[in-house]
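Since the structure comes first, as structure tokens, the remarks are kept for the end.
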Amino acid sequence: MLKSRKELDAELDAAARAWLGEALAEAAQDAAAREMPHAGAAEAAPYASPPWELRYAAAGRHCGPAHADSVRSLLLIEARAPLPSVTRLYEQGTAAERRAVLLTLDRLDLGATALPLVEDALRTNDTRLVAAAVGPYAAAHLDPHAWRHAVLKCLFTGVPLDAVARLGERARGDAELARMLRDFAAERTAAGRDVPADLHTALGLALTTPAAPTEES
């Protein structure tokens, strides 16, 4: 779970708190510069990496691996990270750095423009990335076809379906998802492999008839 600045300040030592304060200040400064009518250097060098992006990579070293996701998420939020920064940090980052990007997408003002990053993560077999990719951002922006395959990807890689944001809402009454789940279960059974317990939960949702709208709605 991502921690707030207040929670981090309570857990980090003095040196780490100072480093975090400087990093967040750099991120805020970059956001302000980009939002000025004439941002000067920010406009002249759109592909240059701002200083806070270097801090992003160093978060684990300065604040500890246990806090790295939260620190990186705060940096992205404070910088109001635009798509070029988010894409660069994802594509050039380690698995841990990519995970932090995925965990923060729903907190950034990117609309559906960052979906290629989610799609990339779902093509991997790295369970850390798959779990991060099926969070609130995916729930809000993946189309039904891609979302169904994301659910199957979780089952295939062993990612608990608890990681899938809004599973109950999106799976309920989805006949096509029910068909895919049945096919997946049949394939597993034919191969002599166990059927994940989560599959039965998802199938139960998919077979549930959605509630009819009330007159008031």
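Just so you know, residue 1 is the first one in the sequence shown, and it goes up from there. Source: prediction; values computed, not measured.
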So does [X] pair up with [Y], basic N to acidic O under 4.0 Å?
X	Y	answer
D9	K6	no
D30	R80	no
R193	E187	no
K3	E11	yes
R188	D194	no

If you look at every heavy atom in [X] and [Y], which pair is closest and at what distance?
X	Y	answer
V71	A59	CG1-CB, 3.7 Å
V86	A81	CG2-CB, 3.7 Å
Y90	R98	O-NE, 2.8 Å
T104	S73	OG1-OG, 3.0 Å
A16	C63	O-SG, 4.1 Å
G60	R72	N-NH2, 3.8 Å

* Would you kindly confirm whether L74 and L2 end up in one hydrophobic cluster when ILVMFWY residues are joined by side chain heavy atoms under 4.5 Å apart? =>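 Result: no, two separate clusters.
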* Does one hydrophobic cluster hold both Y56 and L103, with members joined at side-chain heavy-atom distances below 4.5 Å? ->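 Shared cluster, no.
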With no hydrogens and no angle check, is any side-chain donor or acceptor of [X] less than 3.5 Å from a backbone partner on [Y]?
X	Y	result
T87	P84	no
T124	D120	no
E7	S4	yes

Starting at [atom1] of [X], measure out to [atom2] of [Y] and round the result to the nearest 0.5 Å.
X	Y	atom1	atom2	result
L110	S85	CG	OG	10.0 Å
L75	L20	CG	CG	7.0 Å
L167	D162	CG	CG	8.5 Å
R179	R148	CZ	CZ	9.0 Å
L89	T94	CG	OG1	10.5 Å
H145	M180	NE2	CE	7.0 Å

* Asked: Given the rule in the side chain to side chain contact (heavy atoms under 4.5 Å, CB included) test, do L207 and R182 qualify, once you have shown the distances and angles that lead to the verdict?
  -> CA-CA 11 Å; L207 293 174; R182 285 193 180 110; 3.3 Å; yes
* To do: Evaluate the side chain to side chain contact (heavy atoms under 4.5 Å, CB included) criterion for residues V118 and L105: first the C-alpha distance (whole Å), next the side-chain angles of each, then the deciding distance (0.1 Å), finally the verdict.
  => CA-CA 9 Å; V118 171; L105 289 178; 3.8 Å; yes
* May I have the step-by-step check of side chain to side chain contact (heavy atoms under 4.5 Å, CB included) for V164 and V159, ending in yes or no? => CA-CA 9 Å; V164 181; V159 171; over 6 Å; no
* Could you tell me how the ring of W19 sits relative to the ring of H62: parallel (under 30°), tilted (30 to 60°) or perpendicular (over 60°)? =>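 Judged by the thresholds at 30° and 60°, the geometry between W19 and H62 is parallel.
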Do [X] and [Y] have side chains that approach each other closer than 4.5 Å (heavy atoms only, starting at C-beta)?
X	Y	value
L152	L177	yes
L155	L181	yes
P144	E176	no
L122	H149	no
P50	E26	no

* Cluster partners of L54, using ILVMFWY side-chain heavy atoms under 4.5 angstrom, listed by chain and number? ->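 Direct or chained contacts put L54 with none.
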* Asked: If you count the non-hydrogen atoms of other residues, nucleotides and ligands that lie under 6.0 Å from CG in D109, is the total more than 12?
  ->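 No, because the 6.0 Å sphere around CG of D109 holds 12 heavy atoms or fewer from other groups.
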* Asked: For E97, does the CD atom have more than 12 heavy-atom neighbours from other residues, nucleotides or ligands under 6.0 Å away?
  ->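 Correct, the count exceeds 12.
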Could you go through residues 127-141 and list every donor-acceptor pair under 3.5 Å that involves a side-chain atom there, pairing it with any protein atom two or more places apart or in another chain?
residue: R128; atom: NE; partner: D126; partner atom: OD1; Å: 3.1
residue: R128; atom: NH2; partner: D126; partner atom: OD2; Å: 2.9
residue: Y137; atom: OH; partner: G111; partner atom: O; Å: 2.6
residue: Y137; atom: OH; partner: A114; partner atom: N; Å: 3.0
residue: H141; atom: NE2; partner: G111; partner atom: O; Å: 3.4

* Working for side chain to side chain contact (heavy atoms under 4.5 Å, CB included), residues L24 and R5 -> CA-CA 10 Å; L24 292 175; R5 173 72 186 280; 3.3 Å; yes
